[in-house]
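Throughout, residue positions are numbered sequentially from 1 according to the sequence presented.
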Amino acid sequence: MSSDFESYEQDFAVLTADVTGRIAKVPKLLGDEKKQMVASVEKQLEEARELLEQMELEVREIPPQSRGMYSSRMRSYKQEMGKLEADFKRSRIAYSDEVRNELLGDDGNSSENQRAHLLDNTERLERSSRRLEAGYQIAVET
């Protein structure tokens, strides 16, 4: 029985490695390519869920004295599956930096322009503060 479980583990490892690689590619694709990749990943995630179910059934059939070790493995596989699903969800809605910049009209100079404006405003504020302090000193002396 544990050999079946180990076989399922190997299949799960191969499948999750493939899914991880495909998830990394999803944000970089556009249009139909992205839709096809998303459909493929969804299919593989469903396959992985089915493998987890099979593994769970195998764990239930293992004698109680050795079941604890396999149960802890199952918990870690379920956590890994949850992480994969969350990563996939993020990758489906993620856009590359180029697309984001194009949509937002961001160019590299905007931060430099903002920094220059900030420095100008800081200097103006310092000059105004000095004038106020000088005016306060004159008022105190009077």
Any donor-acceptor pair under 3.5 Å from S40 side chain to Q36 backbone: no
Heavy-atom check, side chain of E42 versus side chain of V38, under 4.5 Å: yes
Path from M81 to L57 over hydrophobic side-chain contacts below 4.5 Å: no
pair K35-L29: side-chain heavy atoms closer than 4.5 Å: no
Rounded distance (nearest 0.5 Å) linking atom OG of S129 with atom CZ of R127: 11.0 Å
Spacing of L51 atom CG and T16 atom OG1 [to the nearest 0.5 Å]: 9.5 Å
Geometric class of the Y70/F5 ring pair [parallel <30°, tilted 30-60°, perpendicular >60°]: perpendicular
Gap separating the CG atom of D87 from the CD atom of E80, nearest 0.5 angstrom: 10.5 Å
Side chain proximity check, R49 to E85, heavy atoms < 4.5 angstrom: yes
Heavy-atom side-chain proximity of T122 to E126 below 4.5 angstrom: yes
Interatomic distance, M55 atom CE to M74 atom CE [nearest 0.5 angstrom]: 5.0 Å
Point-to-point distance, once rounded to the nearest 0.5 Å, from CD of E33 to CE of M37: 8.0 Å
Taking every non-hydrogen atom, the tightest pair across S76 and R73: OG-O, 2.7 Å
Heavy-atom side-chain contact between L52 and Y8 under 4.5 Å: no
Where I62 and R67 come nearest, the two heavy atoms and their spacing: O-NH2, 2.9 Å
Between CD on residue Q114 and CG on residue L118, distance to nearest 0.5 Å: 9.0 Å
Presence of salt bridge, R124 and D120, under 4.0 angstrom: no
Closest contact, heavy atoms only, V59 versus S71: CG1-OG, 3.8 Å
